[in-house]
Amino acid sequence: METFKGLSDEKFLEFALFLQEQFNCALEDVESAEWRVSFFTKAFESCETGEEFTFKRHHTGKPFTFDPNGEDIEGITHMLVEAEGDLIEGQKLLNLLSAFKTTFDNGNN
C-alpha cells in the first residue's frame with residue numbers, strides 16, 4: 001500500500017473505480033463462461049443421445065429448444081473446450097482482482 005501513499009485523493013479514487021470496473025467485467029466474463037460451459041455440455045450430450053433440450057438464453061432468460069439433428073458435434077466440442085478454458089482463465093483473473101481489491105480496500109480503511 002506504500003505505492004499509493006503519494007497519490008492524490010482524486011487519483012486514488014480513480015484507481016479504486018478502475019479496479020471495481022475490472023472486477024465487474026471479470027465477474028461478467030466468468031458468468032458468461034459458466035453459462036457457455038453448461039450449454040455446450042448439454043448440447044454435446046444432446047448430440048450423443050439425439051434428444052432435444054430446452055435451455056434459457058443467457059442474457060434474456062427466454063427459453064429455446066436445441067435440436068441436435070444436423071448439428072456439428074466436433075464444432076460443439078471445440079466450443080465447449082474453448083468455454084472451459086475461458087472459465088478457468090476468468091476465474092484466475094477474478095481471484096487475482098478479488099485478492100488485490102481486498103488488500104486495497106483493507107489498506108484504505
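Taking every heavy atom of both residues into account, His58 and Glu31 meet most closely at CE1-O, 3.7 Å. Here the closest non-hydrogen pair linking Gln91 and Val30 is N-CG2, 3.6 Å. Taking every heavy atom of both residues into account, Ser46 and Phe66 meet most closely at OG-CD2, 3.7 Å. Looking at every heavy atom in both residues, Val37 comes nearest to Glu84 through CG2-N, 3.6 Å.
A distance of 12.0 Å separates NZ in Lys56 from CZ in Phe64, rounded to the nearest 0.5 Å. Considering CE of Met79 and CD of Glu82, their distance stands at 8.5 Å, rounded to 0.5 Å. A distance of 9.5 Å separates OG1 of Thr54 from NZ of Lys42, quoted to the nearest 0.5 Å. For the atom pair CG of Leu13 and NZ of Lys11, the computed distance is 11.0 Å after rounding to the nearest 0.5 Å. From Glu34, atom CD reaches atom CG of Leu87 across 5.5 Å, with rounding to the nearest 0.5 Å. Atom CD1 of residue Ile73 and atom CZ of residue Phe44 lie 4.5 Å apart, to the nearest 0.5 angstrom.
Between the side chains of Asn24 and Gln20, a donor-acceptor pair is found at a separation under 3.5 Å.
The ring of Phe23 has its center no closer than 6.0 angstrom to the ring center of Phe18. Taking the six-membered ring for Trp and the full ring otherwise, Phe55 and Trp35 have centroids separated by under 6.0 Å.
Under the 4.5 Å side-chain criterion, counting only non-hydrogen atoms from C-beta, Pro68 is in contact with Glu52. Contact check for Asp86 versus Asp29: no side-chain heavy atoms found under the 4.5 Å cut-off.
Under a hydrophobic clustering in which Ile, Leu, Val, Met, Phe, Trp and Tyr are joined whenever their side-chain heavy atoms come within less than 4.5 Å, directly or via other members, Leu80 and Ile88 fall into different clusters.
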